[in-house]
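See structure below.
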Number of protein chains: 2
Amino acid sequence: MKAYKIPEATVMRLSVYSRYLYQLMDDGVKSISSDEIARGVGVSSAQVRKDLAYFGEFGTRGVGYKVDVLYGHLMKILGLDRSWNAIIIGAGKLGSALALYEGFNTRGFIIRAVLDNDPERIGTKLGNVEVEKLDVLAERVQENNITIGIVTVPASAAQEVTDKLIHAGVKAILNFSPRVLKVPNKIILRNVDLSVNLEVLSFNINFSK
Amino acid sequence: MKAYKIPEATVMRLSVYSRYLYQLMDDGVKSISSDEIARGVGVSSAQVRKDLAYFGEFGTRGVGYKVDVLYGHLMKILGLDRSWNAIIIGAGKLGSALALYEGFNTRGFIIRAVLDNDPERIGTKLGNVEVEKLDVLAERVQENNITIGIVTVPASAAQEVTDKLIHAGVKAILNFSPRVLKVPNKIILRNVDLSVNLEVLSFNINFSK
DNA sequence: ACCTTCTTGTGAAACAGTTAGCAAATAATA
DNA sequence: TATTATTTGCTAACTGTTTCACAAGAAGGT
């Protein structure tokens, strides 16, 4: 694909744009300008155009963008013109919540399995998947062609399950544990640290006065 | 307080450093260099020193940092030398998971109330708080001196509950709904969009081949 | 056909954040 | 006390991202 690097912030904004466009389509809007998108999602219009410019020319000068066409391009760019199989490791509160979160399904992310080691949790149903023992990790990843592993275990177990996921063949890991994970270069890693987010808030409340 | 702006990335890293230092204290480590911190959390040592330099001089040249002292400074900088009262709006799967998440309590964030409008959910217990009707929002915020509102309602209700939170007097909002919220300047807002995170992954898997 | 209005796409400028490198400070050793 | 080995704090260089500003293209009106 394309040669040079896309800023991560750009990718995140594309995701936001795509959802905004979806909403517009729902409302029956056919055409939109970069300025309207910008106001809708809270960035500058130059930012919107720059972000899109990484991938091509999708608009018409003097006119704007066709909502459905741009939406289609964005979904393709984000890799959402297909579905992705994912597995959740850790069936605690957060893991369970994510397993049942509709927001993933509606964007094409399908949770194929949820694993845990706690006997209390094994066998319980989360939507239409049943919590299974950690042992079946490699098996489930391979038989379901799972590319994304979601880690929601305590910090102490995070590196271990991550290693197992990588060994089993996942390409990307979304880590919710408050632990810095070591992964090979070819593995795509993202960290979502819930406490960090609250702490940025408390810093800002504190600091702005 | 301080005059010039701290990068958000710096604040996030400070939070990560602080947790790493806590772990070190637990392990009985007394002193540490920026290089060791750097390797522990996966950044460069120059980055660590730069981040700390925004706030003062906490180390000793030729020696390093005293773990407990640096930890104390970081906790104070992050505003974690006190506790913060928070409220969760939306007792769905995610809201419930957050209400029960120990990671918040251990860092001084106390969930004082969880509200929802669904009669099915009202009255259910989440740990030691009971889900209540949305009506009591202003009352709960004021009587508990709540500064942080956590929004876990569907996108369609997000702006409305946000407005209510602001009106009731919260200073900061952590938004988990996939919706761009409009808030006054003085309100501190952070968005944690779970789908965006997965979509950055799918983009990267897609794009890197 | 020409003029006016609109809005994209893009190079250049401005800004922000990260990395590099080194002087200054400390401790240990002889 | 001098020497050596460390490691911070800080400035400067670098790299990356965002904003600016405008030429180019499109549509509608006259």
Side-chain angles (χ1 to χ4, degrees), chain A residues 2-17 20-21 24 29-71 73-74 77 196 200 203-204 207, chain B residues 2-17 20-21 24 29-74 77 200 203-204 207:
Chain A
K2 271 277 180 61
Y4 60 107
K5 210 189 137 287
I6 312 296
E8 174 171 302
T10 290
V11 180
M12 295 179 74
R13 284 190 297 266
L14 293 179
S15 168
V16 174
Y17 301 159
Y20 183 63
L21 291 171
L24 289 173
V29 179
K30 297 288 178 219
S31 177
I32 193 165
S33 69
S34 60
D35 190 57
E36 286 171 292
I37 296 174
R39 273 181 286 116
V41 305
V43 300
S44 74
S45 66
Q47 182 82 82
V48 172
R49 294 196 299 276
K50 241 320 187 257
D51 287 338
L52 297 176
Y54 282 106
F55 302 94
E57 304 187 7
F58 306 119
T60 311
R61 295 176 186 215
V63 180
Y65 303 88
K66 288 187 75 175
V67 176
D68 57 348
V69 172
L70 183 56
Y71 176 77
H73 280 295
L74 289 181
I77 290 166
V196 166
V200 173
F203 169 85
N204 282 302
F207 202 74
Chain B
K2 272 278 180 59
Y4 60 108
K5 209 188 138 288
I6 312 296
E8 174 170 302
T10 290
V11 180
M12 295 180 76
R13 283 190 298 266
L14 293 179
S15 167
V16 174
Y17 302 159
Y20 183 64
L21 291 171
L24 289 173
V29 179
K30 297 287 178 218
S31 177
I32 192 164
S33 69
S34 60
D35 190 56
E36 286 170 291
I37 297 174
R39 274 182 284 116
V41 305
V43 302
S44 74
S45 67
Q47 181 82 82
V48 172
R49 294 198 298 277
K50 189 71 169 185
D51 287 338
L52 297 176
Y54 283 107
F55 303 95
E57 303 186 9
F58 306 119
T60 311
R61 295 175 186 213
V63 181
Y65 304 88
K66 290 187 75 174
V67 176
D68 57 349
V69 173
L70 183 55
Y71 176 77
H73 281 295
L74 288 182
I77 290 166
V200 173
F203 170 84
N204 281 302
F207 203 73

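What you see below is based on every heavy atom in this structure, not just the backbone, and it leaves out hydrogens, waters and symmetry mates. Note that the structure is a prediction, hence the values are computed from the model and not measured.
Between A:R49 and C:dG9 there is no side-chain N or O to OP1 or OP2 distance below 4.0 Å. Between A:T60 and the phosphate of D:dA26, there is no side-chain N or O to OP1/OP2 separation shorter than 4.0 Å. Taking 4.0 angstrom as the limit, B:S34 places a side-chain polar atom (N or O) nearer than this to OP1 or OP2 of D:dT8. OP1 and OP2 of C:dG17 both lie 4.0 Å or more from every side-chain N or O belonging to B:Q47. Taking 4.0 angstrom as the limit, A:Y65 places a side-chain polar atom (N or O) nearer than this to OP1 or OP2 of C:dG9.
Using a 4.5 Å heavy-atom threshold, the side chains of B:L74 and B:L52 count as touching. At a threshold of 4.5 Å between non-hydrogen side-chain atoms, the residues A:I32 and A:L21 count as touching. For the pair A:F55 and A:L14, the minimum side-chain heavy-atom distance is below 4.5 Å.
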Exercise for the section: Go through the steps for A:F203 and B:I6 under the test side chain to side chain contact (heavy atoms under 4.5 Å, CB included), then give the verdict. Expected result: CA-CA 10 Å; A:F203 169 85; B:I6 312 296; 4.0 Å; yes
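Looking at A:Y65, A:Y17, A:F58 one by one, the single match for ring-ring contact (aromatic ring centres under 6.0 Å, His included) with A:H73 turns out to be A:F58.
Put simply, the side chain of A:K50 and the base of C:dG11 share a donor and an acceptor less than 3.5 Å apart.
When rounded to the nearest whole Å, the span between CG of B:L14 and P of C:dG17 equals 14 Å. Residue B:D35 contributes atom CG, which lies 8 Å from atom P of D:dT7 at whole-angstrom precision. Protein atom CD of A:E8 is 17 Å distant from nucleotide atom C1' of D:dT15, rounded to whole Å. Separating the CD atom of A:E36 from the C1' atom of C:dC6 is a distance of 12 Å, rounded to the nearest angstrom. One interatomic measurement links the two molecules: CG of A:L52 to P of C:dG9, which rounds to 7 Å at whole-angstrom precision. For A:I6 and D:dT18, the CD1 to P distance is 12 Å, given to the nearest whole Å. Distance, A:D51 CG to C:dT10 P: 14 Å, rounded to whole Å. Atom CZ of A:F58 is separated from atom C1' of D:dA26 by 19 Å (rounded to the nearest Å).
Of all nucleotides listed (C:dA27, D:dA21, D:dG25), D:dG25 comes nearest to the side chain of A:R61. Here D:dA26 is the nucleotide among C:dT8, C:dT19, D:dA26 with the atom lying nearest to any side-chain atom of A:V63.
When the nearest nucleotides of DNA chain D are assigned to B:G59 and B:G62 by heavy-atom distance, the more 5′-ward of the two goes with B:G62.
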